[in-house]
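Comments concern the structure below.
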Amino acid sequence: MGNSVSRNLIATTYRLAEELTQEYGIPEEVSIKVTTTYLKLFRKCPDNSTCTLDAWRMILWNKALGEKLSYLAKKVYERWLHLRYQYLALESDTIVLLRRLRKKYLLGLITNGPSNAQWEKVRKLSLEQYFDVILVSGDLPWEKPEARIFEEACQFLNVTPSNCIMIGDKLETDILGGIEAGFGATVWIPIIDKPRLSVEDPQPDFTVRRLMDISNILNRKPGAPELEDTSSNASDGS
C-alpha cells in the first residue's frame, strides 16, 4: 500500500494547488510551487519529536507559503488534511475483503515510518478494527525489510513464519522482508506499472493486480494448507 499512499499524497498536493488558485486567486505557478515545496518538506521530515503533528505541519506550511501567504497556513493545512484522508480512505471492496479474511485468518499490518504520523493514519482510517496486530517501525529498533520486525509480528500472533503469507506492494521492503523472515509465501501487488520483474528483484511467489484476487490465492487448490496471514502496509512516512 506504500506506493498507493505516495500516489494519494501527490494527488492531494495537485488538488490543493488547484483550490489555492480557484479559492484565493493565487497564480497557478505560485500555487504549484507552494504545494510542491510543502510535499518536498513533508517527505523529507514528516514528523518532529519536539512538537505535535499539527504544529510541525503548520511550520512546514508557513515555510512553503512564504511570508506573503503565511496567513493562509491554518486554512490550507486543514484542507490538506481533509483531502489527504479523503484520498486515503479504504475502498468498500477492500473493507469487505479484510472483514472476510479476519473471520478465518489472523491479520497483521507492518508499516515503516515515524510513530506519530503512522498512528494518525491508523486512527483516521480506523484500521485497528481490521487487524490483530499493528507494528510501526518508528516504535521499534527495526524496519522492513529486516526479518526481526516480521518475527515480532509472528511472536505477537503466536504463529510460525512458515505458516504466514506476506502481502505488499514494495519489492524492496515487503517481499524481500517476507522472504528473509522465512514466510510461507509472498504476494506482490504492484501499484505502479512494472512490466516484469528483473533478475535482481526479490521474487514473490505470487503477483496479483487486484487486492481482491488474494482470496483466489488462499483458496488456490483443494487441500491447500491453512495459512495465518500477516499482511503489510509499507508507507515509509508518506
Side-chain angles (χ1 to χ4, degrees), residues 1-11 13 36 39-40 42-47 87-88 94 97 101 105 107-114 117-118 121 131 133-155 157 159-221 224-225 227-238:
M1 198 166 100
N3 290 324
S4 178
V5 170
S6 181
R7 291 201 312 179
N8 289 335
L9 189 59
I10 293 170
T13 300
T36 54
L39 182 59
K40 290 177 183 177
F42 177 79
R43 282 178 158 170
K44 185 177 180 180
C45 189
D47 198 355
Y87 281 112
L88 278 176
T94 300
L97 177 64
L101 291 178
Y105 303 100
L107 300 183
L109 183 148
I110 306 171
T111 177
N112 282 355
Q118 299 306 88
K121 288 181 199 171
F131 296 95
V133 62
I134 297 175
L135 296 183
V136 175
S137 68
D139 298 327
L140 301 165
W142 331 281
E143 65 177 19
K144 297 180 294 181
E146 293 178 80
R148 190 66 185 87
I149 196 169
F150 297 91
E151 294 165 0
E152 187 77 3
C154 291
Q155 288 178 12
L157 296 172
V159 298
T160 58
S162 61
N163 285 334
C164 296
I165 291 179
M166 177 64 200
I167 302 168
D169 60 5
K170 284 191 175 180
L171 291 168
E172 67 275 15
T173 54
D174 299 323
I175 303 307
L176 177 59
I179 293 170
E180 293 291 328
F183 275 26
T186 57
V187 182
W188 181 43
I189 309 176
I191 302 300
I192 58 174
D193 293 330
K194 184 179 175 69
R196 62 181 62 86
L197 292 166
S198 68
V199 292
E200 294 83 11
D201 287 327
Q203 301 296 308
D205 296 293
F206 303 95
T207 299
V208 297
R209 298 293 168 180
R210 300 183 313 118
L211 183 62
M212 301 304 291
D213 292 333
I214 295 298
S215 294
N216 296 333
I217 292 173
L218 294 173
N219 302 311
R220 64 192 182 282
K221 61 182 179 181
L227 293 167
E228 296 135 341
D229 177 20
T230 302
S231 59
S232 170
N233 167 22
S235 60
D236 297 328
S238 300

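Computation of the quantities below employed the complete heavy-atom set of this structure, encompassing side-chain atoms and omitting hydrogens, waters and symmetry-equivalent molecules. The structure presented is a predicted model; accordingly, all values stated were derived computationally and were not measured.
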### Query
In this structure, which one of V187, T186, T207 forms a side chain to side chain contact (heavy atoms under 4.5 Å, CB included) with I175?
T186
### Query
Hey, does L157 have a side-chain heavy atom less than 4.5 Å from the side chain of Q155?
no
### Task
Quick one: closest heavy-atom pair of L97 and L211, and the distance?
CD2-O, 3.4 Å
### Message
Can you give me the closest heavy-atom contact between P114 and V136, atom names plus distance?
### Response
O-CG1, 4.2 Å
### Heavy-atom pair with the smallest gap, counting every atom of E180 and P145
CB-O, 4.4 Å
### Task
Give, for atom CG of N163 and atom OH of Y105, the distance between the pair rounded to the nearest 0.5 Å.
11.5 Å
### Query
Got E172 and P202 here, is their nearest side-chain heavy-atom distance under 4.5 Å?
no
#### Entry: Heavy-atom check, side chain of I189 versus side chain of I214, under 4.5 Å
yes
### Task
Please name all residues satisfying side chain to side chain contact (heavy atoms under 4.5 Å, CB included) with E146, sequence neighbours left out, ordered by chain then number.
W142, E143
### Message
Side chains of L218 and L101, heavy atoms from C-beta outward: is any pair under 4.5 Å?
### Response
yes
### Query
Under 4.5 Å between any side-chain heavy atoms of W188 and L197, yes or no?
yes
### Task
Please report the shortest heavy-atom distance between T36 and T13, naming the atom on each side.
N-CG2, 4.1 Å
### Message
Measuring from atom CG of L135 to atom CZ of F150, what distance do you get when rounded to the nearest 0.5 angstrom?
### Response
10.0 Å
### Message
Does any part of the side chain of T111, heavy atoms only, come nearer than 4.5 Å to the side chain of K121, both counted from C-beta?
### Response
no
